[in-house]
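Inspection log for the structure reproduced underneath, given as structure tokens.
Hydrogens, waters and symmetry mates play no part in the numbers below; they use all other heavy atoms, side chains included.
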Amino acid sequence: MTNEEYAVRVTEIKHRLYKTALLYLGNESAAVDVLDEAVYKGLRSIKKLKNDEFFKTWITRILINECHNIYKHNKRFVLAEELPETAAEEFDNLPLKEAISKLPKDLKEVIILRFFWGCTLDETSNILQMPVGTVSTKQRKALDLLRLDLGKEEEV
């Protein structure tokens, strides 16, 4: 893949990458910084991408790793109340935003990739580098926690 092809492919999914970083970090400034760093690191290591069809998975993995680096560096979470008003259009006014921000990091990753990125279980498994069964279990647990948090617990 040439640098020009890389630029075109990143531009096509840049908005989704930004939203993913924003959901992970809860801060516009940090999301932009992480996105820039991920795009830069991706460009530097584009030769390591062996199969162009896995580009989205590959660049998303780089972005997630950068988000984890921010977590390690800051060792704190930004509260949902601190999010700026302009963050993530339709997601901004939903109680779901706060509920997702309360999820543990491993469950939040699965929810973001499955429902905001639209990844399949296999794609999510590849991005997070874990078995499909584990992804499925984490998804189920996260959805159960979200139902409880949003007050929509199913009656038996």
Side-chain angles (χ1 to χ4, degrees), residues 1-78 80 83 87-92 94 96-147 149:
M1 176 181 292
T2 67
N3 290 349
E4 291 78 21
E5 291 171 330
Y6 176 81
V8 169
R9 303 252 338 244
V10 164
T11 302
E12 290 172 356
I13 62 170
K14 196 170 195 171
H15 184 69
R16 290 179 84 188
L17 290 170
Y18 168 74
K19 286 179 108 175
T20 301
L22 185 61
L23 288 168
Y24 267 91
L25 303 172
N27 180 303
E28 277 189 14
S29 176
V32 169
D33 291 344
V34 164
L35 177 60
D36 287 344
E37 188 65 24
V39 169
Y40 172 70
K41 284 188 175 184
L43 180 61
R44 278 193 15 211
S45 60
I46 192 66
K47 302 293 183 212
K48 294 179 183 177
L49 178 62
K50 295 176 181 149
N51 192 340
D52 290 351
E53 74 182 61
F54 296 120
F55 176 78
K56 282 167 67 173
T57 302
W58 176 77
I59 195 72
T60 302
R61 184 73 238 166
I62 292 172
L63 180 80
I64 290 171
N65 286 339
E66 286 306 307
C67 288
H68 288 196
N69 290 340
I70 293 291
Y71 278 136
K72 289 177 192 173
H73 181 69
N74 292 339
K75 292 192 180 191
R76 64 183 174 93
F77 295 97
V78 176
L83 287 174
E89 303 92 29
E90 70 278 356
F91 182 68
D92 213 24
L94 298 176
L96 183 60
K97 172 179 65 176
E98 186 175 336
I100 290 175
S101 72
K102 293 178 185 177
L103 288 174
K105 184 178 71 167
D106 60 331
L107 301 180
K108 186 189 308 187
E109 290 173 342
V110 172
I111 293 298
I112 290 170
L113 291 173
R114 290 281 291 134
F115 299 104
F116 290 91
W117 258 87
C119 293
T120 64
L121 281 174
D122 288 333
E123 291 169 337
T124 303
S125 170
N126 287 334
I127 291 170
L128 297 177
Q129 299 171 344
M130 62 177 64
V132 174
T134 303
V135 170
S136 181
T137 301
K138 288 179 183 287
Q139 175 183 314
R140 195 173 330 107
K141 183 175 181 181
L143 290 174
D144 288 343
L145 289 172
L146 288 173
R147 277 188 205 100
D149 195 33

Worksheet item: Between NZ of Lys102 and CG of Leu146, what distance do you get to the nearest 0.5 Å?
Response: 10.5 Å

Worksheet item: If you take all heavy atoms of Tyr6 and Val39, which pair is closest and at what distance?
Response: OH-O, 2.6 Å

Worksheet entry | side-chain contact (heavy atoms from CB on, under 4.5 Å) between Thr134 and Lys138, worked out | CA-CA 6 Å; Thr134 303; Lys138 288 179 183 287; 3.6 Å; yes

Item to complete: Please test Asp144 against Arg147 for salt bridge (charged side-chain N to carboxylate O under 4.0 Å, His left out), starting from the C-alpha separation and ending with a verdict.
Response: CA-CA 5 Å; Asp144 288 343; Arg147 277 188 205 100; 2.9 Å; yes

Response to the item:
All heavy atoms of Ile111 vs all of Ala142, minimum pair found to be CG1-CB, 3.5 Å

Worksheet item: Atom CG in Leu22, atom CG in Leu17: separation rounded to 0.5 Å?
Response: 12.5 Å

Practice prompt. Let me see the working for Val8 and Glu4 under side-chain contact (heavy atoms from CB on, under 4.5 Å), right down to the final yes or no.
Written response: CA-CA 6 Å; Val8 169; Glu4 291 78 21; 5.7 Å; no

Worksheet, complete the sentence: CD1 (Ile59) and CD1 (Ile46) are apart, to the nearest 0.5 Å, by 7.0 Å

Fill in: Residue pair Arg9 / Ile13, side-chain heavy-atom distance below 4.5 Å
no

Worksheet item: Looking at Ile127, Leu121, Leu128, which hits side chain to side chain contact (heavy atoms under 4.5 Å, CB included) with Thr124?
Response: Leu128

Worksheet item: Rounded to the nearest 0.5 Å, what separation is found between the CG atom of Asn126 and the OG1 atom of Thr120?
Response: 8.0 Å

Worksheet item: At what distance, to the nearest 0.5 angstrom, does CZ of Arg44 lie from NZ of Lys41?
Response: 7.0 Å

Practice prompt. Rounded to the nearest 0.5 Å, what's the gap from CG on Leu103 to CG on Leu143? Could you check?
Written response: 9.0 Å

Worksheet item: Of the non-hydrogen atoms in Ile64 and Leu113, which two are nearest, and what is the gap between them?
Response: CD1-CD1, 4.0 Å

Worksheet entry | Pairs meeting criterion side chain to side chain donor-acceptor pair (under 3.5 Å) with involvement of residues 45-59, two or more places apart | none

Worksheet entry | Heavy-atom pair with the smallest gap, counting every atom of Ala21 and Cys67 | CA-SG, 4.1 Å

Worksheet item: Between the main-chain N or O of Gly133 and the side-chain N or O of Thr137, is there a donor-acceptor pair closer than 3.5 Å?
Response: yes

